[in-house]
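Structure incoming, see below.
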Amino acid sequence: MEQEKLILCGASAYTQKYYLNPQFDNLPEGVKEELNILCVLYTEDVGGALTLFFDEAGSLQFETECREGDFLYDEIGSVLKIKQIQREREELLASLELFYRVVFLGESFTQES
């Protein structure tokens, strides 16, 4: 049985479209814009499709795919690009995980000293 996951957003080089799950409309506009730019730039650089989703534990995951026979898709570049995004956008990604855990999973937020 596949684990439950909630899609946050995604983009596709094939359809040249970006998707933000309407359940996340209450995110600040700046965050929504950053997600849009992040996803679209990924698909322009690497090709294929990128989906960001939360697993049942509340961790933000990256999922990529490409069409069969897509010789322009850069599989190695995909892994490197995701690692770069995770490194450079660490604060954004951690904030999104916190948001998800509080709003969707109902966890309480306590600030560490």
Item to check | Rounded distance (nearest 0.5 Å) linking atom CD of Glu91 with atom CG of Leu96 | outcome: 11.0 Å
Next on the checklist: Nearest 0.5 Å, please: how far is OG in Ser12 from CG in Leu50?
Outcome noted: 10.0 Å
Next on the checklist: Would you say that Leu8 contacts Tyr100 through its side chain, given a criterion of any heavy-atom pair below 4.5 Å between the two side chains?
Outcome noted: no
Next on the checklist: Taking the side chain as everything from C-beta on, heavy atoms only, tell me whether Val46 gets closer than 4.5 Å to Leu80.
Outcome noted: no
Item to check | Distance flag, aromatic centroids of Phe104 and Phe24, threshold under 6.0 Å | outcome: yes
Checklist entry - Is Glu75 atom CD crowded by more than 12 heavy atoms from other residues, nucleotides or ligands, each under 6.0 Å away? => result no
Next on the checklist: Taking atom CG as the centre, does Leu93 end up with more than 12 heavy-atom neighbours from other residues, nucleotides or ligands that are less than 6.0 angstrom away?
Outcome noted: yes
Checklist entry - Rounded to the nearest 0.5 Å, how far apart are CG of Asp74 and CZ of Phe71? => result 14.5 Å
Checklist entry - Run the side-chain hydrogen bond (donor to acceptor under 3.5 Å, both in side chains) check on Ser78 and Tyr42 step by step: do they pass? => result CA-CA 8 Å; Ser78 170; Tyr42 169 91; 2.6 Å; yes
Checklist entry - Would Asn21 and Leu6 count as a side chain to side chain contact (heavy atoms under 4.5 Å, CB included) if you check the C-alpha gap in whole Å, the side-chain angles of each, and the deciding distance to 0.1 Å? => result CA-CA 9 Å; Asn21 186 333; Leu6 179 62; 3.6 Å; yes
Checklist outcome for this item: When every non-hydrogen atom of Ser59 is compared with those of Arg101, the smallest separation belongs to OG-NH2, 3.8 Å
Next on the checklist: To check you understand the geometry: which heavy-atom pair defines the closest contact between Gln61 and Asp55, and what is its length?
Outcome noted: NE2-OD2, 3.2 Å
Item to check | Contact check, side chains of Val102 and Ser108, non-hydrogen atoms, under 4.5 Å | outcome: no
Next on the checklist: Show the nearest heavy-atom pair for residues Thr43 and Ala11, with the distance to one decimal.
Outcome noted: CG2-O, 3.5 Å
Item to check | Side chain proximity check, Tyr14 to Cys66, heavy atoms < 4.5 angstrom | outcome: yes
Checklist outcome for this item: Here the pair of heavy atoms bringing Tyr18 nearest to Lys32 is OH-O, 4.0 Å
Checklist outcome for this item: Note: Leu105 and Glu56 closest approach over all heavy atoms is CD1-O, 4.3 Å
Item to check | Spacing of Leu92 atom CG and Phe99 atom CZ [to the nearest 0.5 Å] | outcome: 12.0 Å
Item to check | Derivation and outcome, side chain to side chain contact (heavy atoms under 4.5 Å, CB included), residues Ile85 and Leu38 | outcome: CA-CA 8 Å; Ile85 291 168; Leu38 181 150; 3.5 Å; yes
Checklist entry - Within a strict 4.5 Å, meaning less than it, do heavy atoms of the Tyr19 and Thr51 side chains meet? => result no
Item to check | Shortest non-hydrogen separation from Glu97 to Phe54 and the atoms involved | outcome: CA-CE2, 3.9 Å
